[in-house]
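A short write-up of the structure that comes next.
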Amino acid sequence: MLPDAGSTPSAMAALLPPEVAVVEAGPEMWDETLLLPEEEVAMARAVIGRRREFAAGRASARAAMRRLGVEAISIPAAPDRSPIWPPGLAGSITHCEGYCAAAVARAEDVLSLGIDAERHLPLPEGVERLVCTEPERAWIAERGPDGIQWGLVVFSAKESYYKVWRPLARSWLDYLGAELRIDPDGGTFEVTPLVPIPEAAAPLAAGRGRFALAGGLVLTAFAAGVRSSP
């Protein structure tokens with residue numbers, strides 16, 4: 001049975017500026033035979049499920065590239081498994097059970113992108129302490145049981161932020177290396193890095209991302225260096 005990726009047709013796109021092309025994988029994209037030779041290298045020993053996720057991500061990314069009027073070429077993986085985008089492009093890929101999406105923009109419009117999708121389920125026991133700072137945990141506790149897994153929202157938002165951080169800072173960022181302030185009503189989150197920021201990553205000194213709950217998913221997105229921003 002193919003994953004049902006059509007439950008949130010525009011939710012991820014709504015979290016990003018109009019300069020970003022977003023494609024959520026349809027059933028036909030979950031086909032490992034769609035991988036290009038350079039992409040096959042990263043999947044040489046992968047199990048079929050991982051190959052299908054990888055293929056869906058690459059197919060979605062190429063579809064997004066075509067929406068930008070860019071030649072849809074191979075997107076190989078770096079040693080840390082992050083996508084290697086063609087020159088002049090910024091992008092991000094995410095997948096979880098039954099869902100995959102890619103976001104791509106011209107680097108002249110958006111400096112760096114990060115998206116993440118997670119099934120809206122409680123974090124495993126003990127994980128919240130590993131991903132949330134003390135102020136974040138206190139805020140989550142104050143929210144009480146309101147039907148939203150706020151620990152998961154924090155986790156997903158930090159995943160999106162890290163995908164923006166990595167290509168600019170060229171360094172690892174621990175979950176506790178950044179702190180969020182979440183606006184539940186506005187669907188936004190502000191990120192404050194708690195570690196020194198390399199000069200090349202100056203746009204990450206302060207920034208705001210967006211989140212949404214849709215189709216049983218938590219979706220988060222962060223765009224840095226958006227040229228059209230006032």
Side-chain angles (χ1 to χ4, degrees), residues 1-16 22-27 29-30 46-57 60 81-83 92-103 113-166 173-191 208-222:
M1 179 177 178
L2 289 170
D4 176 11
S7 59
T8 55
S10 62
M12 184 66 83
L15 302 181
L16 289 159
V22 178
V23 173
E24 293 171 307
M29 293 181 177
W30 296 76
V47 299
I48 187 65
R50 172 60 182 144
R51 287 178 59 86
R52 289 180 61 183
E53 290 176 343
F54 191 90
S60 299
R81 299 189 299 177
S82 61
S92 183
I93 298 172
T94 186
H95 51 73
C96 62
E97 183 184 354
Y99 177 85
C100 179
L113 282 171
I115 63 171
D116 186 67
E118 305 289 340
R119 286 289 164 189
H120 189 208
L121 300 170
L123 287 173
E125 185 176 354
V127 172
E128 186 175 296
R129 285 187 170 272
L130 300 177
V131 301
C132 299
T133 64
E134 289 188 14
E136 289 167 347
R137 294 203 310 273
W139 181 85
I140 292 168
E142 290 173 1
R143 297 294 300 174
D146 60 2
I148 298 176
Q149 301 298 329
W150 290 108
L152 181 68
V153 174
V154 171
F155 170 81
S156 180
K158 289 187 176 183
E159 285 284 311
S160 286
Y161 185 73
Y162 176 72
K163 292 177 182 180
V164 174
W165 172 279
R166 183 69 179 87
L173 180 68
D174 185 81
Y175 287 110
L176 302 182
E179 193 164 87
L180 307 186
R181 292 186 62 185
I182 296 176
D183 177 357
D185 298 323
T188 63
F189 58 91
E190 293 184 3
V191 185
R208 178 176 295 176
R210 301 185 68 189
F211 72 92
L213 275 65
L217 301 171
V218 169
L219 305 174
T220 60
F222 195 100

Determine yes or no for a side-chain-to-main-chain donor-acceptor pair under 3.5 angstrom, with Lys163 supplying the side chain and Ala221 the backbone.
-> no
Close side-chain approach of Ile140 to Glu128, heavy-atom, < 4.5 Å = yes
With sequence neighbours left out, the residues meeting side chain to side chain contact (heavy atoms under 4.5 Å, CB included) with Ala46 are Met43, Arg50, Arg51
Please name all residues satisfying side chain to side chain contact (heavy atoms under 4.5 Å, CB included) with Ala56, sequence neighbours left out, ordered by chain then number.
-> Ala25, Trp30, Cys100
Residues forming a side-chain hydrogen bond (donor to acceptor under 3.5 Å, both in side chains) with Thr188, sequence neighbours excluded | none
Which residue pairs satisfy the salt bridge (charged side-chain N to carboxylate O under 4.0 Å, His left out) criterion with at least one member in residues 173-188, sequence neighbours excluded?
-> none
Without swapping roles, check the side chain of Thr94 against the backbone of Ala117 for a donor-acceptor pair under 3.5 Å.
-> yes
Who passes side chain to side chain contact (heavy atoms under 4.5 Å, CB included) against Ala103, sequence neighbours left out?
-> Leu16, Val20, Val22, Leu113, Ile115
Which residue pairs satisfy the ring pair (Phe, Tyr, Trp, His ring centres under 6.0 Å) criterion with at least one member in residues 117-143, sequence neighbours excluded?
-> Trp139-Trp150
Where Leu15 and Ala11 come nearest, the two heavy atoms and their spacing | CG-O, 3.5 Å
Please tabulate, one pair per line, all N/O donor-acceptor pairs under 3.5 Å involving side-chain atoms of residues 151-160, not counting sequence neighbours.
{"unit_1": "Ser156", "atom_1": "OG", "unit_2": "Asp116", "atom_2": "OD2", "d": "2.7"}
{"unit_1": "Ser156", "atom_1": "OG", "unit_2": "Thr220", "atom_2": "OG1", "d": "2.8"}
{"unit_1": "Lys158", "atom_1": "NZ", "unit_2": "Val131", "atom_2": "O", "d": "2.8"}
{"unit_1": "Lys158", "atom_1": "NZ", "unit_2": "Glu136", "atom_2": "OE1", "d": "2.9"}
{"unit_1": "Lys158", "atom_1": "NZ", "unit_2": "Glu136", "atom_2": "OE2", "d": "3.3"}
{"unit_1": "Lys158", "atom_1": "NZ", "unit_2": "Tyr175", "atom_2": "O", "d": "2.7"}
{"unit_1": "Lys158", "atom_1": "NZ", "unit_2": "Ala178", "atom_2": "O", "d": "3.0"}
{"unit_1": "Glu159", "atom_1": "OE2", "unit_2": "Tyr175", "atom_2": "OH", "d": "2.3"}
{"unit_1": "Ser160", "atom_1": "OG", "unit_2": "Asp116", "atom_2": "N", "d": "3.1"}
{"unit_1": "Ser160", "atom_1": "OG", "unit_2": "Thr220", "atom_2": "O", "d": "3.2"}
{"unit_1": "Ser160", "atom_1": "OG", "unit_2": "Thr220", "atom_2": "OG1", "d": "2.8"}

Sorted by first residue and then second, give each salt bridge (charged side-chain N to carboxylate O under 4.0 Å, His left out) pair with at least one member in residues 139-151; sequence neighbours left out.
-> Arg143-Asp146
Taking C-beta and beyond as the side chain, do Leu173 and Tyr161 meet within less than 4.5 Å on heavy atoms?
-> yes
Considering all heavy atoms of both residues, which atom of Cys132 and which atom of Arg137 are nearest to each other, and what is their separation?
-> O-NH1, 3.2 Å
What is the minimum heavy-atom distance between Glu24 and Ala101, and which atoms define it?
-> CG-CB, 3.8 Å
Interatomic spacing from CE in Met29 to CD in Glu53 - rounded to 0.5 Å | 15.5 Å
Would you say the side chain of Tyr99 lies within less than 4.5 Å of the side chain of Leu219, judging by non-hydrogen atoms?
-> yes
Please round to the nearest 0.5 Å and tell me the distance separating atom CZ of Phe211 and atom CG of Leu180.
-> 10.5 Å
Contacts of type salt bridge (Lys or Arg N to Asp or Glu O under 4.0 Å), residue Arg210, not counting sequence neighbours | none
